[in-house]
Each structure stands twice: as structure tokens, then as C-alpha cells.
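Structure first, then comments.
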Number of protein chains: 2
Amino acid sequence: MKHPDLSETNLLEPRLLRLFDALFATGSVTKAAEKLGQSQPTISIWLARLRKELDDPLFIRSAEGMLPTPRAEALIGTVRQALEMLRRLAELRSEFDPATAKRRFVICMTDASHITLLPAILAHVRRVAPGIRIEAARIGGDTPRMLQAGEADLALGYITDLDAGHFQQALFPQDWVCLANPKHARIRDRITAKDFKREAHVLIRSGTGHQLLADALREQQIVLDVALELPGFLGLPAIVGTTDLIATLPRHIGETLAHYYGLRVLDCPLAIAGFTVKQYWHARFHHDPANQWLRDVCGELFQQQEVRGLHRSGRPKKRRPRDLTS
Amino acid sequence: MKHPDLSETNLLEPRLLRLFDALFATGSVTKAAEKLGQSQPTISIWLARLRKELDDPLFIRSAEGMLPTPRAEALIGTVRQALEMLRRLAELRSEFDPATAKRRFVICMTDASHITLLPAILAHVRRVAPGIRIEAARIGGDTPRMLQAGEADLALGYITDLDAGHFQQALFPQDWVCLANPKHARIRDRITAKDFKREAHVLIRSGTGHQLLADALREQQIVLDVALELPGFLGLPAIVGTTDLIATLPRHIGETLAHYYGLRVLDCPLAIAGFTVKQYWHARFHHDPANQWLRDVCGELFQQQEVRGLHRSGRPKKRRPRDLTS
DNA sequence: GGTGCTTCATTGCGATTCGCAATAATGGTT
DNA sequence: AACCATTATTGCGAATCGCAATGAAGCACC
């Protein structure tokens with residue numbers, strides 16, 4: 001055995017602290033043994049060890065039993081405090097009660113999620129956790145670092161190159177739809193591939209899915225007539241509702257916008273890779289009750305049945321660990 | 001291994017607390033191993049044990065090193081407090097500084113010692129330990145119980161049936177002398193056995209030595225002419241100084257009284273068993289610095305050269321343990 | 001003083017745990 | 001994919017453990 005750091009004194013082990021306490025209370029090695037669930041010879045050996053480490057006989061045999069020395073009397077208070085502190089360490093478990101907790105959660109998400117996910121999160125949280133505040137932050141190259149640093153608690157969306165140390169949980173799949181003006185002169189109830197190539201388009205140059213769309217166009221060697229590119233979704237409903245431009249979006253945001261703004265939703269004729277929207281968090285917070293509550297909330301709100309059956313993974317796996325359980 | 005008391009949780013051992021602290025400080029298993037003087041695999045195993053006992057990963061591997069979980073961050077303060085408390089336990093040693101200490105010592109002694117020993121003790125203590133108070137108590141059947149209970153710190157004298165658990169240290173031997181009126185009509189410079197039997201005597205019916213005198217008289221079948229019996233030494237000098245009565249006393253008190261009151265000291269013609277005046281204390285206080293100081297003081301004041309050479313005994317022996325060392 | 005009882009201290013030994021060299025696995029960089 | 005640094009795991013000889021058996025100590029009783 002390597003000797004421990006010579007600058008460190010030997011510290012008493014919990015069993016010796018327990019012995020000290022029990023012997024002080026009972027005045028008997030035999031009774032202390034019973035109390036500690038050990039045999040009498042074992043406890044006698046432990047006492048010898050205590051005596052050596054504290055350099056004092058500590059308890060002297062007499063007709064009245066084992067009587068403490070002044071040194072033992074001086075130490076018993078600190079021994080009991082040390083035991084109490086060690087018990088606190090073992091029992092200390094932070095809990096999270098949404099009804100009473102007061103804290104802020106930072107959730108990274110795309111702009112689209114402000115419309116598709118955030119309202120439902122906010123409504124739920126305001127109902128069951130009035131002291132909780134939600135802050136939305138953008139998903140970007142900094143997101144993994146923010147999750148690890150605890151500057152963000154969760155990320156919702158589709159993140160492709162998250163490094164190790166993060167968990168993920170699938171929420172719902174996404175395929176693609178086209179939005180059109182309900183009064184569109186040429187596009188009624190469906191849009192064909194031919195229509196798609198002929199018509200003018202408006203593209204959103206943000207969000208995690210736009211790269212998939214670009215990939216699909218390149219792979220199928222299709223060049224769209226892109227009449228307009230927007231940096232975000234803000235003006236999109238107005239543009240699609242007053243022109244004949246076609247917008248191609250992930251289904252969730254597409255249907256949401258169509259619903260609110262009375263736009264026409266059409267199955268997309270282009271074969272674009274679907275993707276799964278997930279929630280991501282750092283392994284440091286995997287067992288944190290607060291973080292766990294938040295992702296349970298998101299899971300309940302957004303997880304669709306068909307992804308619930310995916311088998312669990314209890315720990316992060318190479319590249320992108322995911323967690324399917326509370 | 002018998003299982004410990006089921007009502008007790010497993011408490012963290014000091015080495016695991018040290019590991020927690022070192023890992024929190026360094027963020028590296030390898031560096032923590034160096035700091036703790038163990039190998040890296042050993043520390044990795046200890047970390048696994050910590051994780052299991054606290055039911056939390058505690059530190060998560062990342063590019064920046066091992067990062068603490070919220071649980072680890074919540075625990076580190078208590079871990080460090082527990083370590084500090086355990087260090088205090090190891091280092092706590094009561095000291096006794098006579099120059100500054102304030103306490104009371106209770107010393108059991110015979111009445112004779114009030115005259116022979118107490119003045120010297122008091123003078124010394126008042127000079128080097130101004131905050132110390134001395135209380136003299138009588139030696140009696142209760143003395144052993146008082147020593148064990150801490151109600152008395154020391155006993156000075158000749159105690160014959162002290163039970164186990166007590167230490168003793170020889171101070172000085174005692175033989176016997178006779179006191180006479182310097183103007184005695186018949187007793188001049190010496191007293192013969194014939195004189196001894198013929199003369200009238202005054203006896204002191206107290207002190208530990210009077211039983212030895214009675215034994216000697218009985219064994220030698222001598223019947224003294226006891227004209228007076230006193231319960232103590234108070235009136236003795238006046239009686240001897242104004243009558244022709246002979247007093248037989250242990251040498252120390254005899255010479256002391258003769259010195260103060262101008263009495264004649266004569267070698268006792270009767271063969272009476274000598275004895276050794278000792279100091280006694282209970283084993284519970286053997287290592288107590290205060291008790292040790294007090295008996296060192298008495299040793300220095302009263303221990304004669306011829307008893308200093310007696311070999312030491314480091315622990316109490318059957319029936320009457322004695323200690324010859326500081 | 002001898003005997004007997006209870007309790008604490010010591011011994012010898014089989015069982016368990018320990019620390020670590022060697023190596024596998026992991027995370028990150030090139 | 002290869003390489004490097006670090007953490008996790010395995011197998012094994014060494015060290016420590018708990019305890020049955022027993023010796024020693026303290027005390028009551030005869």
C-alpha cells in the first residue's frame with residue numbers, strides 16, 4: 001500500500017466514530033458490539049485502534065464498566081458532530097418540487113419552436129410551476145458548451161454534431177410539407193413534382209432542417225426558382241398568403257403556420273430526408289431532479305407514441321447519448 | 001462480515017471524502033491520484049465507490065476534465081466541513097499551562113499532611129500557577145471512589161487497600177520517632193525500650209500509620225501506659241511540651257512538629273513497620289495533562305532520591321498500579 | 001486464598017478486500 | 001483512421017478483516 005500524503009493526518013473512519021459513540025453511551029465493549037452488529041473481539045480490536053490513533057486509553061475498565069478519560073469526554077461532542085455531518089452527507093438529496101420551486105430554466109430552441117413548442121411549455125409551466133421562469137435561447141454552435149456549462153438546461157430541436165457527454169431523447173419525427181396561398185391560381189389540393197419545379201419559391205434560411213432541404217435539391221439535381229429568401233419565419237405567412245410563392249417546411253411548423261394564418265398545406269412532392277426532433281441535455285445534469293422534471297414535462301408534451309417504444313439507454317453512448325426514461 | 005446496524009446508513013470513509021475534495025479541486029482522476037498518493041486505477045475504483053454510495057455520477061468526463069454534477073456541487077461544502085471536523089478530532093489535544101490555567105484540584109491527605117505537605121504544595125502552586133486552587137480532603141474509605149469519579153484528583157499518604165484502576169507513585173519512606181518534653185525529668189538524649197514501657201504516653205487515634213503502631217504493640221505484647229488519646233494532632237505539641245508524656249509518630253510529622261514547637265526528637269526503641277508515603281490517582285486521569293502536572297509537582301517536592309531509582313511501570317499492575325514517571 | 005462469573009484483550013486462521021500493473025475504453029485532435 | 005491523454009476495468013498477489021477460541025483482568029462469594 002502506498003502511504004497517503006504525509007501532510008495528512010490519519011482521520012478516523014466512520015466505524016471508529018460509531019464505536020466511540022456507542023462505547024461512551026453504553027460503557028461496555030460487549031454492549032457496543034451488539035449495538036454495532038459486530039462480535040466482541042472485533043470491537044475490542046477497534047478500540048485498540050482508536051486508542052492508538054488518538055494516543056489515549058479513552059475508556060478505562062472499572063467495576064462500573066468502561067469509564068471515559070478526560071480526553072474522551074473532551075472529544076465526544078466533536079465525534080457526535082462528525083457522525084451527524086457524515087449522516088447528512090449520505091442522506092442529502094436535493095429534491096425538486098415544481099409547485100414551490102423558484103428558478104429559471106434556459107431552453108435552446110429554433111425560432112420555429114417559439115411558435116410550435118414554446119407556447120405549450122409556457123402554458124404547462126405556468127399552471128404547475130408558478131415560480132419557474134423560462135428563457136428561450138437560440139440553438140447555435142455554442143449550444144453544446146452552454147449545456148455543459150449549465151448556462152442552458154435543455155435544447156429542443158435537431159442537432160447533428162453534438163459531442164460526447166450529452167444525452168438526447170427523441171420527441172417526434174418530422175417530414176416535409178408545402179404551404180401555398182389558398183387562392184393560388186394554379187395549385188389547388190395537391191402539388192406535383194412538375195408543379196414544384198415550375199413554381200416560384202420562398203426559402204427560410206434558418207432552422208435546422210433547411211440543410212436537409214438543400215441536400216435533397218442537390219442530390220436530385222433540382223434547381224428551384226427561389227424568388228425570395230427570408231432569414232426567419234416572421235414574414236413568411238404574410239408572403240405566402242398574398243403571393244403565389246410556395247414554402248417548403250417541416251410539417252410541425254408548416255401545419256402550425258397554416259392553421260394560424262389560413263394557408264393551404266400540401267404533401268411535399270420532393271423526397272426530403274425526415275428527421276427527429278429531440279431534446280438534449282448534458283450528462284452532468286442527468287440525475288439533477290430539476291433538469292429531470294423539465295425534460296419529463298417536454299417529453300409528456302411532445303413525445304409521440306411511436307417514439308415511446310424505443311428501448312432505453314441508461315448511459316450516454318458514443319457520440320450522442322440519448323435517454324428514453326425518466 | 002456481520003452487517004452493520006440496519007438503521008445506520010453507510011457513511012463515507014475519510015479516503016472517499018479526501019477523494020471528493022481532491023477531484024473537485026483538480027478536475028482530474030490522474031491528478032487526484034497523485035495528490036492522494038495512490039495509483040490512478042485505485043482512485044478510479046474509489047470514484048466508482050463514491051458514485052455508488054452517493055447514487056450520482058458526481059463528476060462527468062469532458063474535454064475540460066471531470067466536471068461536477070449539481071449533486072457534487074451541493075455536497076462539496078459539507079464534504080469539506082466533515083474533513084475539517086475529522087482533522088480537528090485527530091489534532092485535538094488538551095494542554096495544561098499552569099501559568100494560565102484556572103481550576104481547582106482536590107487532594108486527599110491525612111491531617112498530618114496539612115502540616116507536613118500542604119504548605120509546600122500551596123507555596124509552589126501559588127508561585128507558578130496563580131489560577132489554581134487547592135482543596136484538601138480527608139483520606140477515608142471513600143477515597144478510591146472519589147479518585148475514580150474525578151471528585152478528587154490525587155491522594156497523598158499510605159493507602160493499603162486501593163482496588164484496581166489506580167496508579168501510585170512512591171514519594172518517601174517513613175520510620176518512627178518519639179517526641180518528648182525537652183525538660184522531661186527522666187528522658188534526656190535517648191529513650192530505651194525500658195523507658196518506653198515505663199513512661200506514660202499520648203496516642204493520636206488518626207492517620208494511616210497508627211494501625212502500624214497498634215500492630216507492633218500487639219505483636220510484641222507490649223501494653224503502654226496511655227494517659228491520653230487524641231483524635232488529631234491539634235493539641236499534641238502543647239501536651240508534649242507541658243507534660244512528661246511521650247508521643248510516638250512517623251518521622252516526617254514528628255520532626256516537623258518538634259521543629260516548630262521546640263520538642264525533643266528521639267529514635268523510637270520499638271520496632272514498628274515503616275511505610276512509604278505515596279501519591280495515588282485513577283487510571284482515567286493518567287494521561288490527563290492537568291493531573292500529570294499536579295503529580296509532577298508533588299513528585300518534585302516530596303520524592304526523595306532513594307525512591308527515584310525504582311524502575312518504571314507504564315501501566316497499572318494487579319492490585320495497585322504505580323507510576324514512576326511523568 | 002481459592003473458585004466462579006462476567007467482561008475485555010489476544011491469537012490464529014479462513015475469508016474478504018485492497019492496490020496496482022496491464023490493458024481496454026473513451027474523448028478529442030490531427 | 002491514427003494517435004494521444006485520460007478514465008475505466010481486469011486479474012492477482014498482498015494486506016486486512018471478523019471471529020471462534022481462549023487468555024487475562026476485575027470482582028463477588030465462600
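By convention in this document, chain letters (A, B, ...) are assigned in the order of the sequence lines, proteins followed by strands, and residues within each chain are numbered from 1. Only heavy atoms go into these numbers, but all of them, side chains included; no hydrogens, no water, no symmetry mates.
More than 12 heavy-atom neighbours from other residues, nucleotides or ligands sit within 6.0 angstrom of CZ on A:R51. Taking a 6.0 Å sphere around CZ of A:R145, one finds it holds more than 12 heavy atoms contributed by other residues, nucleotides or ligands.
With hydrogens and angles disregarded, a donor-acceptor distance shorter than 3.5 Å links the side chain of B:R284 to the backbone of A:P68. Within the 3.5 Å criterion, the main-chain N or O of B:D153 finds a donor-acceptor partner in the side chain of B:N291. At least one donor-acceptor pair under 3.5 Å links the side chain of B:Q303 to the backbone N or O of B:A170. Within the 3.5 Å criterion, the main-chain N or O of B:L83 finds no donor-acceptor partner in the side chain of B:R18.
Between A:S39 and D:dG18 there is no side-chain N or O to OP1 or OP2 distance below 4.0 Å. Of the side-chain N and O atoms in B:R49, none sit less than 4.0 angstrom from OP1 or OP2 of D:dA8. Contact check, A:W46 against D:dG18: a side-chain N or O comes under 4.0 Å of OP1 or OP2. A:Q40 has no side-chain polar atom (N or O) that falls below the 4.0 Å cut-off from OP1 or OP2 of D:dC19.
Between A:P41 and B:S44, the residue anchored closer to the 5' end of DNA chain D is B:S44, taking for each the nucleotide with the nearest heavy atom.
By the side-chain contact (heavy atoms from CB on, under 4.5 Å) test, A:T30 is found to be paired with A:S28, A:E34, A:Q40, residues two or more places apart in sequence or in another chain being considered. Partners of A:E53 under the side chain to side chain donor-acceptor pair (under 3.5 Å) rule, at least two apart in sequence or in another chain, do not exist in this structure.
In this structure, the CE atom of A:M66 is 18 Å from the P atom of C:dT6, given to the nearest Å. Separating the CZ atom of B:R15 from the C1' atom of D:dA15 is a distance of 12 Å, rounded to the nearest angstrom. Atom pair A:L16:CG and D:dG18:P shows a separation of 10 Å (rounding to whole Å applied). We find that CD1 of A:I43 is positioned 11 Å from P of C:dC8, with the value rounded to whole Å. Between A:Q148 atom CD and C:dG28 atom P there is a gap of 8 Å when expressed in whole angstrom units. If you measure from atom CG of A:L47 to atom C1' of C:dA9, you get 10 Å, rounded to the nearest angstrom. Following rounding to the nearest Å, B:H282 (NE2) and D:dG26 (C1') show an atom-to-atom distance of 12 Å. One can place CD of A:Q38 at 18 Å from C1' of C:dT7, the figure rounded to the nearest angstrom.
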Do any N or O atoms of the protein come closer than 3.5 Å to N or O atoms of nucleotides 28-30 of chain D, and which pairs are they?
none

Which atom pairs link the protein and nucleotides 12-14 of chain C when you take only N or O atoms and keep those under 3.5 Å?
none

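Within the model, atoms NZ of B:K31 and CG of B:L23 stand 11.5 Å from one another, a figure rounded to the nearest 0.5 Å. With values rounded to the nearest 0.5 angstrom, A:R87 atom CZ is found 6.5 Å from B:L11 atom CG.
Considering only the side chain of B:R61, D:dT6 comes nearest among D:dT6, C:dC20, D:dG26.
Interface residues of residues 23-32 of chain B facing DNA chain C, ordered by number: none; criterion, heavy-atom separation under 4.0 Å.
Between A:F167 and A:H286, the angle of the ring planes stays under 30°, which puts this pair in the parallel group of the 30/60° scheme.
Residue pairs that meet the ring-ring contact (aromatic ring centres under 6.0 Å, His included) test with at least one member in residues 17-74 of chain A, sequence neighbours left out, are A:F20-A:F59.
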